[in-house]
Amino acid sequence: MSAPARKSRRYLFNLFAWTVVLVIAFPLLWMLLTSIKPQSELFLIPPALLPGEITFEHYRRLLTETPFLTYLKNSAWLAGGTTLVVIVIATLGAHSLVRFSYPGRERLATLVLFTYLLPSVVLVIPLYLLMAGLGLANTLTSLIIAYTTFALPYALWLLRSFMKAIPEDLESAALVDGASRMQAFVDVILPQAMPGIISTAMFTAILAWNEYLYALVLVNSDAARPLTTGVINMLVTSFNIEWSLLMAASVMMSVPLIVVFAFLQRYLTRGFSAGAIKG
Amino acid sequence: MFREGPATTASPGKASLDTRYGLLGALLIAPTVLVFCAVIVYPLISAIYLGLFSIYTPTMEGEWVGMDNYRRLLASGEFWRSLLNNVIWTVGTLALQVIFGILVALMLHRNLVFRAFARSLVLFPYFLSTVVAVLVWRWLFNDLYGVLNHLLMWAGIVDMPVDWLGTMPNAMVSLILVGAWKYFPFVVIAVLARLQSIPDELYEAASIDGAGAWGRFVDVTLPQLRDVLIVVVLLRTIWDFKEFDLIYLLTGGGPIIGTQTLPLMVYKEAFALNQMGGASAVAVLMMLIMLLFMILYLSRARD
């Protein structure tokens with residue numbers, strides 16, 4: 001093939017590939033554009049792609065005239081609380097699964113993977129009864145407890161793959177130098193595992209941030225409602241649906257995810273598919 | 001590694017060290033086991049047990065009915081319809097995810113300007129909250145002002161705005177499409193990771209043997225992708241089968257029960273019809289169906 005032909009083929013491929021990428025990304029672009037258009041421009045026929053004038057009015061109304069900030073605060077507490085609880089337990093557990101030998105260890109690891117696949121709808125009814133029995137109905141605590149059902153197996157499995165990658169010699173060397181196993185864990189393993197722990201924490205926080213079913217069933221008051229059910233509540237309780245307001249809420253819900261996403265680029269493959277790809 | 005010095009055979013000192021390490025290991029895993037028992041094992045057993053009762057949700061009072069819930073379910077048309085919907089949804093959306101996922105992965109594997117940015121844009125829907133995905137798509141699908149209908153009418157593909165979510169089979173098609181959009185990045189990232197580890201020599205050898213682009217894809221790429229695709233399909237089958245959020249939020253199972261899958265039936269029985277026992281029975285049946293795929297996946301993941 002001649003050089004110009006190769007060049008034009010490359011050009012065509014780029015054009016085609018970027019068209020596909022933009023079609024995939026279009027819904028998100030449309031969300032962003034809708035959120036900064038004046039209400040009146042939403043109902044143009046045919047719709048205009050770009051806003052005639054840019055407004056942040058919907059964001060202002062979202063923050064001042066709706067319970068959005070309460071939902072946001074609840075979601076932040078939930079993501080933070082769930083992550084903290086799960087990471088502490090899972091770091092110890094993963095270390096145990098990777099570096100210690102005792103009867104039943106392999107079976108336990110398989111059980112963790114099994115629970116990672118369990119459907120939430122099976123657990124949600126007994127958990128609903130359990131929370132009501134404990135007097136925790138309508139609290140953030142009940143949601144943190146419920147979220148560990150999927151976050152703990154996930155974090156444990158992901159951390160196990162990160163910790164398996166740490167060379168065994170490092171710990172042995174510390175032990176030869178006279179450190180106890182717990183000292184070796186704190187001084188050698190933890191610093192090595194830190195990037196893995198941090199990225200696992202972020203993935204876990206995203207799971208909690210995006211969760212819907214448990215929040216729908218276990219919480220029925222605005223005081224404890226997270227963003228997911230809260231924003232849907234804004235949709236179903238309004239007389240006429242205000243799409244610009246909802247799109248503004250969608251953008252606000254997604255901004256933390258974009259930040260974390262950018263941060264996690266290196267670990268995306270692992271975090272997306274804990275268990276799917278051997279790490 | 002601790003066998004230095006004279007006492008190399010199983011001395012009491014070594015045995016006790018092994019025991020101590022075993023105990024420490026058990027101690028470290030103990031919080032995990034405790035939490036698992038409290039929030040997963042107990043509710044799981046409880047769900048199976050609840051399926052044998054008839055429980056009225058608001059009062060939570062129940063009576064033992066044995067296998068009656070199961071008998072009633074297996075004789076009801078609604079259960080079988082939901083199961084059929086579940087299979088249609090899972091097979092439909094999974095097929096699109098896999099086909100589209102492989103194609104986009106191949107595309108993003110090649111040299112592309114701003115490739116890292118293109119990858120981020122493609123992968124992001126998987127990261128997104130289902131709530132956001134559904135809100136955006138409901139706005140796109142809107143019958144009067146939705147941009148999708150305008151685009152199709154402008155292109156001359158349809159004359160009248162399409163009711164995307166309120167009629168059948170449109171509602172199921174829309175669900176499958178939105179599901180594919182949300183979840184195909186999972187296939188992309190898995191396939192992309194695998195593509196990067198295929199040695200170039202394999203392609204060179206195939207080229208020398210006279211294989212064209214298509215021949216190289218069939219003879220080299222596909223066989224190399226086989227293992228990762230099997231795992232991806234098993235995982236996505238499990239996850240798509242149990243999907244609740246997307247379907248509940250996009251169509252609510254409607255029109256009537258046109259897109260109602262088993263997870264939605266569980267929710268409806270428990271919290272709309274107030275039959276917790278019956279709901280638990282649906283959940284248990286659903287889990288039994290999924291168990292086959294879980295076992296297949298677990299047996300693959302172990303080796």
Side-chain angles (χ1 to χ4, degrees), chain A residues 14 17-18 20-21 24-25 27-28 30-31 34 42-43 46-47 89 92-93 95-97 100-102 110 113-115 117 119-123 125-127 129-130 145 148-149 152 156 172 181 206 210 212-213 217 228 231-232 243 246-247 250 253-254 257 261 268-269 272-273 275-277, chain B residues 1 21-22 24-26 28-29 31-32 35 39-40 43-44 46-47 50 60 107 112-113 118 121-124 126-132 135-137 139-140 145 147 150 154 186 189-190 193 228 231-232 235 238 242 244-245 249 263 266-267 270 276 279-280 283 286-287 294 298 301-302:
Chain A
N14 268 296
W18 266 99
V20 173
V21 169
I24 294 166
L28 299 178
W30 195 242
M31 157 179 94
T34 305
L42 291 195
F43 307 115
I89 298 175
L92 298 177
H95 181 57
S96 167
L97 286 177
F100 288 83
S101 58
Y102 41 87
T110 310
L113 193 54
F114 174 74
T115 54
L117 304 174
S120 299
V121 280
V122 174
L123 301 178
I125 295 168
L127 283 173
L129 295 173
L130 185 71
I145 295 172
T148 55
T149 58
L152 185 58
L156 204 54
S172 310
R181 296 225 39 185
I206 290 168
N210 286 343
Y212 179 75
L213 175 62
V217 171
T228 47
V231 171
I232 291 296
W243 286 106
L246 288 170
M247 290 302 107
S250 299
M253 269 179 86
S254 308
L257 298 183
F261 184 79
L268 282 184
T269 311
F272 265 34
S273 39
I277 296 159
Chain B
M1 63 183 123
Y21 281 176
L24 183 57
L28 290 173
I29 198 81
T32 305
V35 172
V39 300
I40 300 174
L44 194 59
S46 173
L50 286 171
M60 295 184 198
M107 197 182 85
L112 182 69
V113 284
L121 283 178
V122 166
L123 296 181
F124 194 66
Y126 192 76
F127 238 57
L128 211 60
S129 161
T130 307
V131 167
V132 171
L135 284 176
V136 171
W137 276 96
W139 172 227
L140 290 169
Y145 307 106
V147 75
H150 282 293
W154 173 78
F186 181 81
I189 201 155
V228 82
V231 175
V232 162
L235 264 181
I238 294 167
K242 68 178 186 178
F244 175 84
D245 302 1
L249 289 167
V266 174
Y267 180 80
M276 283 215 156
S280 300
M286 180 188 135
M287 207 165 53
M294 291 190 187
L298 289 178
R302 233 188 325 215

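Lettering of chains follows the sequences in order, A, B, ..., and the numbering in each one begins at 1. Side-chain atoms are counted along with the backbone in the values below, which use heavy atoms only and exclude waters and symmetry mates.
Interface remark: B:A47 contributes backbone and side-chain atoms alike to the contact with chain A (heavy atom separation under 4.5 Å). Interface residue A:L42: backbone and side-chain heavy atoms are both found under 4.5 Å from chain B. Of the two parts of A:L257, the backbone and the side chain both hold a non-hydrogen atom closer than 4.5 Å to a non-hydrogen atom of chain B. Contact annotation for B:W154: neither backbone nor side-chain heavy atoms come within less than 4.5 Å of a heavy atom of chain A. Residue A:V20 touches chain B through its side chain alone, counting heavy-atom pairs closer than 4.5 Å. Only the side chain of B:M287 comes within contact range of chain A, with heavy atoms under 4.5 Å apart. Of the two parts of B:L50, only the side chain, counted from C-beta on, holds a non-hydrogen atom closer than 4.5 Å to a non-hydrogen atom of chain A. Proximity to chain B (any heavy atom under 4.5 Å) is restricted, for A:T115, to the side chain, taken from C-beta onward. The parts of A:I145 that come within reach of chain B are both its backbone and its side chain, each placing non-hydrogen atoms under 4.5 angstrom from that chain. Heavy atoms closer than 4.5 Å to chain A are found in both the backbone and the side chain of B:L128.
A donor-acceptor contact under 3.5 angstrom links the side chains of A:S96 and A:Y102, judged on distance only. With hydrogens and angles left out, the side-chain atoms of B:W139 and A:T34 include a donor and acceptor closer than 3.5 Å.
Between chain A and the options B:P43, B:A279, B:A283, heavy-atom pairs under 4.5 Å are most frequent for B:P43. The choice from B:L44, B:L135, B:V35, B:T130 that makes the most heavy-atom pairs within less than 4.5 Å of chain A is B:L135. Most heavy-atom pairs under 4.5 Å with chain B: of the set A:R181, A:H95, A:M247, this distinction falls to A:R181. Interface summary for chain A: among B:V266, B:V122, B:L140, the most heavy-atom pairs under 4.5 angstrom belong to B:L140. The candidate from A:L156, A:L246, A:L97, A:L152 with the greatest count of non-hydrogen atom pairs under 4.5 Å with chain B is A:L152.
Residues B:L235 and A:L117 are in side-chain contact: their nearest non-hydrogen atoms beyond the backbone lie under 4.5 Å apart. Residues A:L130 and A:L127 form a side-chain contact, since some pair of their non-hydrogen atoms from C-beta on lies under 4.5 Å apart. With a 4.5 Å cut-off on side-chain heavy atoms, B:L112 and A:N14 count as touching.
The main-chain N or O of B:F127 is found under 3.5 Å from a side-chain atom of A:N210 such that the two form a donor-acceptor pair.
To the nearest 0.5 Å, atom CG of residue B:L121 and atom CD1 of residue A:I24 are 9.0 Å apart.
Aromatic ring pairs are classed by plane angle as parallel below 30°, tilted from 30° to 60° and perpendicular above 60°; the pair A:F100 and B:Y21 is perpendicular.
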Take B:K242 and A:V121, measure what side-chain contact (heavy atoms from CB on, under 4.5 Å) needs, and give me the verdict at the end.
CA-CA 8 Å; B:K242 68 178 186 178; A:V121 280; 5.7 Å; no

